[in-house]
Each structure stands twice: as structure tokens, then as C-alpha cells.
Amino acid sequence: MINKLLVANRGEIARRVFATCRALGVATVAVHSDADADAPFVADADQAVRLPGNTPAETYLRIDAILDAARRSGADAVHPGYGFLAENAEFAAAVTDAGLTWVGPSAKAIAAMGDKMAAKAMLADAGVPMLPTWTDPAEVTAFPVLVKAAAGGGGRGMRIVRDAAGLAEAVAGARREAAAAFGDGTVFIERYVERGRHVEVQIFGDTHGTVVALGVRDCSIQRRHQKIVEEAPGVLPDDVRAELHEAAVAAGRAVDYVGAGTVEFLLAPNGQVHFLEMNTRLQVEHPVTELTTGLDLVRLQLLVAEGEPLPVTTTPPADGHAIEVRLCAEDPAQGFRPATGTLHRFAIPGVAAEFGPARGLRLDSGVVDGSTVSVHYDSMLAKLVAWAPTRTEAARALAGALARAELHGVATNRDLLVRVLRSAEFTAVDLDTGFLDRHPEVFAPLLPAEQLPVAALAAALSGAAERRAAAPVLAGLPSGWRNVPSFPQVTRFTVGDGEEIEVRYRLDRTGGLAEWGRKGPLLTDPVEEGSFVNTELPVVELVTATPGRVVLDVDGVRRAFRVHRAGSSVFVDGPDGAASLTELPRLPLPTAELAAGSLLAPLPGAVTRVHVEVGQRVAAGDLLLTLEAMKLEHPVLAPADGVVTELPVPAGGQVETGAVLAVVDPEEDPQ
């Protein structure tokens, strides 16, 4: 019997396992890096052991440190979570050799499936259908192909290649990214199927010889080969579903599988099923299976690890439909690069349960208000899952909750997720792994550009209300009111990637909005000096304004805006979308001027390679250097034709956000 469980992982992964342990009465132990010392998962555990350092290699990937933590805390079992060491056969063997209970498949099964090429050969012999695969780039004769990491997952180390000219660089880049993410740079090449659907079967095995399929999930909506929307049950013909179940169970039986696992397949447009890989762990998207089967998969893991038989021996029927989205810290204005910073507010309305069964909304989150999103780990903040009797209802409820969520302080992919869930193609189950490539319209922000001035006005009025509420005298007078109206109140903000918008307004003696206008990047005609009313703007009346809530009547429609301030940052959540603004000081201090053509680091990281030299002429789009951050490579490209005049950071150098990486001078003449 397991009495005290150590989870060798972090974030929402650890919190998810701890939730089931609390329900079962199992004591818990967390391990944490220095960066995670104050993280919610550490607070959730009964005990916590520090792993000195910050990077995964220093902390969560150190088998010796994890085993020492188990010994010092008195843990009698180890759960690997579903990342870092979850598919490491050496770790599984070391845990067992130390006399601890390993919550997962055997080291032998992990090793068999961890060598993806050997696994393909083994499972092909077991009758599982396969795609053409190569290990030597020179042997590839048909395109397109997909370069894949032999270890790990999550889209790291994957590249689509459509012709022979790009294969060598794709293989090299995939090897670097895989080595950084998993400590193993081995890659292989697989035939790429256009318009294929990514579907997978959750399997479970026990020590009594049972292997059962628990249904099919559809995980086709992906960006950078990483799943962002997952659902169960996958909408499939009955014969295809039966074929997937049969192939997945055959794969499990081929390696005497014990515990939770996922067998992933590519479903071609013609209905053919092709094996992709088997993940010997619980997957990120397991909640959709839990909500449609009524099973707690972590509980089953613990029971199986204790030697108990599975309580289910046949595939349970699906009850309703569940859809999950991965909410990630990513900046849409920077091409969805991973984002870092402090979450000033993280609030999602209508959540019925966290980390457990829910008829409605379920939230599995690794963050709370005040959490720091670090550069050391991946960008996923939380998973939000909706269950409903039908797929349409689940998608609508999930999109609505996301749209109303208050996500302040770190840029996220929320708007993208909402647009996907509300798209006609998603509703019609017109899905495949190239969905986002074919539908660029889903990348548009929820808040239309023409409505940004109204959100900025709400932010300005909220600030005025806050200042008036704090005034020591005459607090009842409207902010900025004068007996003889003259100049308007002026508040300046930056939005998006630094463009400035200026809101001008004047209140009458009753506190109502007498008139308003704005300058900014969306203004087509310049405002004349001394005037601030733009006739293209909607007619706005002020209903109420408090520091946290502003109600405006906009062209006859009343709209409420929630406003939250954190220093100079102002977050406005309205009925049509959210705006993140930075209020500029009325009297800004002088700052150092950057050289023209300076390229700045979008987030902290390390420069892994420098591809050019000072004095070299480059064309717009040329690769200058590569920045590695949050387990991903980020290419830094020349913004225009010119000459490289500065490269202040050598390969291997660490940089912080905003550091100058290179300077490309379009005016410089090398002659």
C-alpha cells in the first residue's frame, strides 16, 4: 500500500496528482527548484524538498536528487507526473531498485517504446499499421516528411520538410531542440500526411494481464506540432473507432503494458490509420477521458501500482462530450513566442471543480494570482475543460468562460483558443493538424481594433475615479472639472507592440462625459491642434465609473468594463474582448536612445548560434542568430536589408528581456 507519494514533476502536473492523493488519504511530497519555491504545487504538498538550481537539468531531471528527496522525506512511492522523467527507463529502474513503488509502466516497457524506431518495428510485427520511416536523411526520396525527436514529445524537435533542399537544416535544428528539451538529440524522419487528424487511444494495463482501451481523443488542433485543443470522444465512424481500440490494445499487449499509456495515431483523409508513437505515461489531455468515462485515471495508476486489478475490463461508453484547451503564456504580438512575467490576476468564471470530476467547467492550473511565469520551463499555465451533454454545448461553454476570464500580466493564447472553438469549421468537425495554417483568421484578437479606443477611455475614466476617490479634499467633484472648460483631460497609453494611443475627454459639472476623442495608431485623419473630438468615434455616455468598473453607453448599447491596475499596467475586460495597456507618465523621464535597427530579446534566454558577422550585408528575413528560451528555439531575423553593425552577444551568452541582440543598419554601406 502506498502511504506517502513523491511527485517528480512540477506545476499543474504535480497539483493534479496531489488532488487525487488527498482524496485517497495518501501523504504527498513535492520537489522544487529555486524558481518554484513559492509555486502553488509546493504549497499543495504535505512536504517539499528543494532541488538547488533552476534549469530542468539542474533540478527535475536529476535522478540522484529525486531519490535522495524520497529518502529524506520518507516517501515510499514515486509518481513521475507526465513530463521530465516520466518516460525515462533509467529513472523507473532506479526507483524500483531503491525499494520504492514506481507508479508507471515497467522500465522494460518504457525502454521498448522509448526507442521509437525499435518500437515501430515491434508493433508492426504485432499488426499495428505504420507510416514509412527513415533514420538516414540520404534515404528519403518522397516528400513531404516530418522530422521528429526520438525521445520526448510536446512538439519539440519536430519540423515539416516539403523538399530535399530544406531537409539537412531541419534535421540539424530538430536535433538541437530535442537535445535541449530531452537531453537526447536523436531524430528520425516520417512520411507526412496532409490533412491528417491526430487521434489517440487512452489505454490502461494491470499486473493481472488486462489491457483495456478507455476511448479515443481527437487532438488535431495543434500549433508548432503541440496540441492546444483536445476532445473526447473523438467524432469518428464506429468502424474506425473499433480499429483504433484494437490497434492500441495490441500495442499495449506487445510490451506487457502496466499503468496508464497513450497510443497515438494519424488518421488519413481516406480513413487509413497509421501508428505514430506510444507515450508510456499519463498525458496532459487525460481530463477529457476522465470527464467522459467517470474514471479518475490517477487513482487507477495508484491502484495498479499497488498490484490491484483494474476495476474496468472493457471500454466504457462515453457519457457526454468534453473539450480541453491548453492556456499558455504566449505573446500574439510576437508571433506567439513564450511569454514571461507576473500574473497579477488569474480568474476564470464558472469553474465547478479543480483537478477533478465536474459537470461543467474543470480547471487544472499550475498558477494563481501573483504567480511568476519563468523562462526555465514550458509555457503552459493551465488547462480548462468543459463537459456537456453534447459537443456543441461543451465548445460554447468553454469559449464563453475563456472570453470572460481575467488573465492579467502575461500575454496568453486565450483569444486564439476562443476563436477556434467558435469557428464554423470546428463546429462542423472539419479538423486536421493543419487547421491553423488554413485558418489565419482565428489569430485575430477578440477585441476589434476599432473598439480599442473605447477600452482605453474606460481605462482613463477608471484611473480618474481612483485618483478622485483617494483625494483628501473635494472628493465629490468630477476629476479635472473646471468652471470654465478649457483643455481636456489627457491620458496616454501604449498598446500591443508599443504603439501609442492618447485618450482625451472632458467631464461636465454632473460628472457626465461631455465629449471625448483620441489620437493613436488607429486614427486615419490627424486631430487638429486644440481639438480632441473625432466624429468617427462612437457616441459615448458615461453611466458610472469606479476604480474597478466602468459602465458606458456606446452608441445606445450599455457596456460594462472591468478595470484592474497593477502599477502602470491597466487591464480592461469588456463584453467584446480584453485590452492590455501601459499608462505612460505625464512627464516621462529621459531614456537612452537605441541605435536604429536594434533587435531586442523578446524574453530571457541563451544565444545558441550566431549565423552572421559584423560588417556582413543581409537581406530582410535572413537568419541572424538563434535564441533558446522555454525549451524552444527562436530565430532572430533581419527586419530589412542592411548591414550588421553590432553583435554584442556571442554564442552561449545569456540575455534578459530587452537586451540588444544585433543591430542591422539599413543605411550602412560596407564600401
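All values reported here derive from a predicted model rather than from experimental measurement.
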- Can you name the residues that form a ring-ring contact (aromatic ring centres under 6.0 Å, His included) with Tyr82, not counting sequence neighbours? His286
- Item | side chain to side chain contact (heavy atoms under 4.5 Å, CB included) involving Leu623 - partner list, sequence neighbours excluded | His611, Thr626, Pro635, Leu637
- Task: Over all heavy atoms of both residues, which pair between Lys383 and Val284 is shortest? Give the atoms and the distance, please.
- Result: NZ-O, 2.7 Å
- Query: What residue pairs, at least two apart or across chains, pass salt bridge (Lys or Arg N to Asp or Glu O under 4.0 Å) with a residue in residues 456-465?
  - Reply: none
- Task: For Arg422, enumerate each residue passing the side chain to side chain donor-acceptor pair (under 3.5 Å) test, keeping only those at least two apart in sequence or located in another chain.
- Result: none
- For Ser365, check side chain to side chain donor-acceptor pair (under 3.5 Å) against everything at least two apart and list the hits. none
- Query: Arg197 and Thr433: side-chain donor and acceptor closer than 3.5 Å?
  - Reply: no
- Sequence neighbours excluded, every pair satisfying ring-ring contact (aromatic ring centres under 6.0 Å, His included) that has a member inside residues 446-469: none
- Task: Inspect the surroundings of CZ in Arg438 and state if more than 12 heavy atoms from other residues, nucleotides or ligands are less than 6.0 Å away.
- Result: yes
- Message: If you apply the rule salt bridge (charged side-chain N to carboxylate O under 4.0 Å, His left out), what do you find for Glu200 with Arg217, and how did you get there?
- Response: CA-CA 5 Å; Glu200 60 189 33; Arg217 299 186 288 252; 2.8 Å; yes
- Might you work through the salt bridge (charged side-chain N to carboxylate O under 4.0 Å, His left out) test for Arg391 and Glu393, ending with a clear yes or no? CA-CA 5 Å; Arg391 182 177 185 270; Glu393 291 174 284; over 6 Å; no
- Test ring-ring contact (aromatic ring centres under 6.0 Å, His included) applied to His408 - qualifying residues, sequence neighbours left out: His564, Phe571
- Minimum-distance pair of heavy atoms, taken over all atoms of Asp573 and Ala405: OD1-O, 3.7 Å
- Note on the structure: Residue pairs meeting ring-ring contact (aromatic ring centres under 6.0 Å, His included), one or both in residues 318-348, sequence neighbours left out, come to Phe336-Phe443
- Message: Closer than 4.0 angstrom, basic N to acidic O: yes or no for Glu441 and Arg419?
- Response: no
- Could you pull out all residues at least two apart from Asp38 that satisfy side chain to side chain donor-acceptor pair (under 3.5 Å)? none
- Message: I'd like to check the salt bridge (Lys or Arg N to Asp or Glu O under 4.0 Å) partners of Arg345; sequence neighbours left out, ordered by chain and number.
- Response: Glu406
- Note on the structure: Nearest heavy-atom contact between Phe355 and Ala19 is CB-CB, 3.6 Å
- Quick one: salt bridge (Lys or Arg N to Asp or Glu O under 4.0 Å) pairs with a partner in residues 538-549, sequence neighbours left out? none
- Query: Mind checking what makes side chain to side chain donor-acceptor pair (under 3.5 Å) contact with Glu285, not counting sequence neighbours?
  - Reply: Lys227, Gln283, Arg326
- Note on the structure: Nearest heavy-atom contact between Val503 and Ala460 is CG1-CB, 4.2 Å
- Between Arg15 and Asp364, does at least one N-O distance fall below 4.0 Å, as a salt bridge requires? no
- Query: Which atom pair, heavy atoms only, marks the closest approach of Trp516 to Pro453?
  - Reply: CZ3-O, 3.8 Å
